[in-house]
Amino acid sequence: MNEQEALDFVEVLLAKTGNRLNDVQRTIFAGSWCGHSYAEICKTLPGYTIEYIERDAAYKLWRMLSIALGRKVTKKNLRGPVEAVAREQNTPVDVLQPTMGNNRHFWTSSKAPFTSWGNAPDVSGFQGREAPLEQLVEKICIEGCRLNIIFGLGGIGKTFLSVKLAQQVRDQFDFVIWRSLKHFRSGAYPPPVSVLAGDLIQFISHFQDDSSDWSRLIDYLIDQRCLIILDGVEVLLQAGVHDGSYQDGYAEYKNFFQHIGNTAHNSCFILTSREKIRDVETTDYSHVYAWRLKGFGRLEGRQFLEARGCLATSDSNWQSLISRYSGNPLALGHIATNILELFDGNITSFLNHSEMLIPHYILRNLFDEQFERLSDLERSILKYLTEQHEPTKFNILQDVLQSISNGHLQEALLSLRRRSLIELSSPDYSLQMLIREYLSHRFNNTLI
């Protein structure tokens, strides 16, 4: 494979993920393939410094290729990963089919994964989550994580991120399956692990195997390269407790998830949940990754709101609005509608004439489900934090809740952290503004 054939091949892989090389990166690739040094490559790129070539353009090139190829790529080992993947796919450059994109020819392979998206949402308007998306792609494609958990508050965008992530990496897999445990097609709510395993086995076996044994599913995960996304995993957990235990009849999921993380296989599971699943923390850390999805920052939030027609006259106004609603995409989406209808999209006018205003039904949709799952001790902690105007230290909570042992208090605080309901700025505990707003109404019985 010469440098042009290799370059055409990697363009194939990059096009599948929506990426492309610029002219500088193509020159670096071709020069590196031929064994040239960065200094030699720099001479063919007038106007660019060697520092830019090596530390910026080349760094981004090797990172992009590592994700596309699913293995670590550096200047020194470039030939190995590219030629290995080309052999594995058995798709020589001259049989690839051309398509058009961005005013130039790209190439795509005719091979595509078998996909079953269930009731996954449309994410064509996805935006503002590039950083977590990039990190999760790297965890899956480069580091080979077998079990990835995306957890966070309601409305924060976990489901959308999981679908976009699956679309981004699907060409690395033979099968892609997306399932909601809240709205499973069998009608079970949620499905027992045997029902879920049977559903997955049927699809992966092309409906030739009717087994419902999850250990049989593990065999398929070893033989095939499968990407399986399970949305809303918190429905498996018991409500009213803070020990992270499973509902009656669902405890087998604990063993299932631990085997997914600990067993050597070629596949990947992505779980989304409003709570961090405690039991997976006992699995192989090198192949398990938990990502807490937080609200938008200022730049992400601004892009999100601008796309909906909102404008502000200063950075401080952008920051004020985004912070007021804790960067929660669902809440900001509703507020954007209000700003458009009441203030013609002018954020400054909205802030000048409005206190924190979000319909109660939106707050309920965001947090009622999580509130109902809390233990009495967790509710007591949240009630106290809601009444405080400053962050609270652990010893203050000890004094307030004198009848509670330190062990139980620590367990409850850990649970609230797993549920993303409290913030920790060591050594103080506090609440996000949006959660405080919800809890204030909730404890005062004003949510209707």
Side-chain angles (χ1 to χ4, degrees), residues 121 123-135 150 152-161 164 274 291-368 370 382 385-392 420-425 428-444 446-447:
V123 296
S124 56
F126 178 89
Q127 62 184 149
R129 293 299 191 190
E130 285 73 18
L133 181 62
E134 180 180 356
Q135 187 157 349
I150 304 170
L153 289 169
I156 211 69
K158 303 178 296 295
T159 299
F160 271 51
L161 179 59
K164 187 65 176 180
R274 293 191 176 192
W291 178 278
R292 181 188 175 193
L293 190 60
K294 299 181 180 180
F296 286 143
R298 182 180 62 81
L299 293 178
E300 296 172 323
R302 177 171 179 169
Q303 292 171 356
F304 181 86
L305 291 164
E306 283 181 333
R308 285 154 180 77
C310 295
L311 296 172
T313 57
S314 68
D315 284 345
S316 62
N317 284 335
W318 285 112
Q319 185 63 55
S320 179
L321 180 68
I322 295 163
S323 298
R324 181 181 287 190
Y325 297 97
S326 304
N328 188 289
L330 184 59
L332 287 174
H334 286 285
I335 291 303
T337 300
N338 291 356
I339 295 172
L340 284 171
E341 294 183 353
L342 298 175
F343 299 95
D344 196 27
N346 190 308
I347 290 174
T348 305
S349 296
F350 172 78
L351 293 172
N352 288 339
H353 296 90
S354 302
E355 295 181 358
M356 184 164 185
L357 175 63
I358 184 168
H360 287 175
Y361 75 90
I362 300 300
L363 288 171
R364 293 178 60 179
N365 287 343
L366 286 173
F367 304 128
D368 264 5
Q370 279 178 279
L382 290 178
L385 293 178
T386 303
E387 296 167 349
Q388 308 308 305
H389 299 292
E390 300 292 336
T392 301
S420 300
L421 289 172
I422 60 173
E423 299 294 312
L424 174 62
S425 298
D428 301 329
Y429 300 95
S430 60
L431 302 172
Q432 293 182 14
M433 292 180 67
L434 196 62
I435 296 175
R436 181 181 295 276
E437 175 77 2
Y438 167 80
L439 292 173
S440 295
H441 286 290
R442 181 84 195 204
F443 289 127
N444 291 323
T446 58
L447 277 179

- Evaluate the ring planes of F296 and F304, with Trp represented by its six-membered ring, and classify them as parallel (under 30°), tilted (30 to 60°) or perpendicular (over 60°). tilted
Residues forming a salt bridge (Lys or Arg N to Asp or Glu O under 4.0 Å) with [X], sequence neighbours excluded:
{"X": "R302", "answer": "E306, D315"}
{"X": "E423", "answer": "R292"}
{"X": "E387", "answer": "K383"}

Residues that [X] engages under side-chain contact (heavy atoms from CB on, under 4.5 Å), provided they are two or more places apart:
{"X": "Q319", "result": "R298, S323"}
{"X": "L424", "result": "R417, Y429"}
{"X": "S316", "result": "S314"}

Please answer whether the main-chain N or O of [Y] pairs with a side-chain N or O of [X] as donor and acceptor at a distance below 3.5 Å.
{"X": "K294", "Y": "G152", "value": "no"}
{"X": "N328", "Y": "G154", "value": "yes"}
{"X": "S326", "Y": "L434", "value": "yes"}

Can you name the nearest heavy-atom pair linking [X] to [Y], along with the distance?
{"X": "Q127", "Y": "Q303", "result": "NE2-O, 3.7 Å"}
{"X": "R308", "Y": "L340", "result": "O-CD1, 2.9 Å"}
{"X": "G128", "Y": "E300", "result": "O-OE2, 2.8 Å"}
{"X": "L366", "Y": "G155", "result": "CD2-CA, 3.6 Å"}
{"X": "S440", "Y": "T386", "result": "OG-CG2, 3.4 Å"}
{"X": "P391", "Y": "D428", "result": "CB-CB, 3.5 Å"}

Interatomic distance, [X] atom [atom1] to [Y] atom [atom2] [nearest 0.5 angstrom]:
{"X": "I335", "Y": "N338", "atom1": "CD1", "atom2": "CG", "answer": "5.0 Å"}
{"X": "I339", "Y": "S349", "atom1": "CD1", "atom2": "OG", "answer": "10.0 Å"}
{"X": "L133", "Y": "F160", "atom1": "CG", "atom2": "CZ", "answer": "14.0 Å"}
{"X": "K164", "Y": "T159", "atom1": "NZ", "atom2": "OG1", "answer": "15.5 Å"}

- Item | Worked verdict on T313 versus I347 for side chain to side chain contact (heavy atoms under 4.5 Å, CB included) | CA-CA 8 Å; T313 57; I347 290 174; over 6 Å; no
- Counting only heavy atoms not in D344, do more than 12 fall under 6.0 Å of its CG? no
Would you say [X] and [Y] make side-chain contact, with heavy atoms under 4.5 Å?
{"X": "L321", "Y": "N317", "result": "no"}
{"X": "D368", "Y": "Y438", "result": "yes"}
{"X": "R324", "Y": "L351", "result": "yes"}
{"X": "V123", "Y": "L161", "result": "no"}
{"X": "I435", "Y": "I422", "result": "no"}
{"X": "T392", "Y": "S430", "result": "no"}
{"X": "L293", "Y": "R129", "result": "yes"}

- Message: W318 and side chain to side chain contact (heavy atoms under 4.5 Å, CB included): which single residue from T348, L305, L299 fits?
- Response: L305
